[in-house]
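Note sheet for the following structure.
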Amino acid sequence: MCHAVLQDPAFFHLLTRIDEEFAAATRLGRCPGCAGPLHVADFPRKPRGCPAAVREDYSWRLSFTCGLCDARATSPSVRFAGRRVYLAVVLMLDSPPGGSSGQALCDLLSIPARTLKRWRTWWRVEFALTPFWQSVRERFMPPVTITQLPPSLLERFDAGTLADRLAQLLRFIAPLSTRPMAK
Ligand SMILES: [Zn+2]
């Protein structure tokens, strides 16, 4: 994957706008428990893997609490993957950890090589077993090759630039972002 997109603030702003759309929809849906009104209750995050220019923007996860029962309602996100400290887009990286491009990437984003390795395992083992993937995988014909995730899934989103395709894929897997994904 081209690393330029990971240094382009415009790409990160695009993801913020998608998260704002998700948040607006969540708020309109009211409290899932009691249908009470939702109030803004964003919570702080320490983002890793984003350009300095967007760090402030990426220091908050958009979320709400119910005005009646106080339950939390967090909207899906294309920026944050569950409780992982790295941004969701970093999950899309597929460089082999041992290769030179993998090393360059780890240096660029200060990601330990073992972390990239763990994500590869997450895609190929845990993601493949999620109820989410089980419910959508048949939309892809021919079937997506699990052993080549995530590039085998990214290539199915073929509109526009790499940034557009990444945004589409992140939007697609956003239902997973409100669950505690593997660390
Ligand atoms: Zn409520």
Side-chain angles (χ1 to χ4, degrees), residues 6 9-93 109 111 115 118-119 121-140 144 149-150 153-154 156-157 159 163-183:
L6 292 173
F11 172 63
F12 289 86
H13 290 317
L14 167 68
L15 299 185
T16 297
R17 285 197 299 277
I18 295 173
D19 270 15
E20 286 167 350
E21 261 176 51
F22 283 150
T26 296
R27 190 170 201 176
L28 278 179
R30 302 176 75 91
C31 171
C34 75
L38 294 178
H39 302 306
V40 171
D42 299 344
F43 56 88
R45 293 288 313 250
K46 281 196 167 37
R48 287 203 215 163
C50 75
V54 299
R55 193 166 303 276
E56 175 56 34
D57 241 10
Y58 275 64
S59 295
W60 295 94
R61 176 78 151 92
L62 303 180
S63 186
F64 303 92
T65 49
C66 175
L68 297 180
C69 75
D70 213 34
R72 188 169 273 283
T74 299
S75 43
S77 176
V78 291
R79 300 185 299 167
F80 301 106
R83 296 181 193 144
R84 288 168 188 269
V85 295
Y86 290 97
L87 298 179
V89 67
V90 179
L91 276 178
M92 306 301 156
L93 305 174
L109 300 173
I111 303 173
T115 300
R118 201 161 59 219
W119 291 338
T121 306
W122 176 79
W123 276 106
R124 289 154 206 204
V125 180
E126 296 172 56
F127 172 80
L129 293 175
T130 57
F132 166 76
W133 178 244
Q134 298 293 326
S135 71
V136 298
R137 62 179 180 165
E138 285 177 4
R139 291 189 210 167
F140 298 95
V144 170
L149 285 169
L153 187 54
L154 180 62
R156 304 304 175 97
F157 297 85
D164 292 333
R165 290 161 53 218
L166 281 170
Q168 284 181 326
L169 176 53
L170 287 166
R171 195 190 268 274
F172 178 71
I173 67 162
L176 291 172
S177 67
T178 55
R179 298 179 179 84
M181 292 162 93
K183 289 178 206 73

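Index from 1, following the sequence. We count ligands from 1, going down the list as the structure has it; atoms in each ligand are counted the same way.
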Subject >> the Zn ion (ligand 1) - number of protein N/O/S atoms closer than 2.8 Å >> reply: 4
**OP:** Mind checking the CD1-CG spacing from Ile173 to Leu91? Nearest 0.5 Å is all I need.
**Re:** 6.5 Å
Subject >> Reported NE2-to-OH distance for the pair His13 and Tyr58, which is rounded to 0.5 angstrom >> reply: 8.5 Å
**OP:** Would you please say whether a donor-acceptor pair under 3.5 Å links the side chains of Ser77 and Ser177?
**Re:** no
**OP:** Indicate whether the side chain of Thr16 and that of Arg79 have a donor and an acceptor atom separated by less than 3.5 Å.
**Re:** yes
Original post:
Just wondering, are more than 12 heavy atoms of other shown residues or ligands nearer than 6.0 Å to CD in Gln134?
Top reply: yes
Original post:
Less than 4.5 Å apart, any side-chain heavy atom of Val144 and any of Leu149?
Top reply: yes
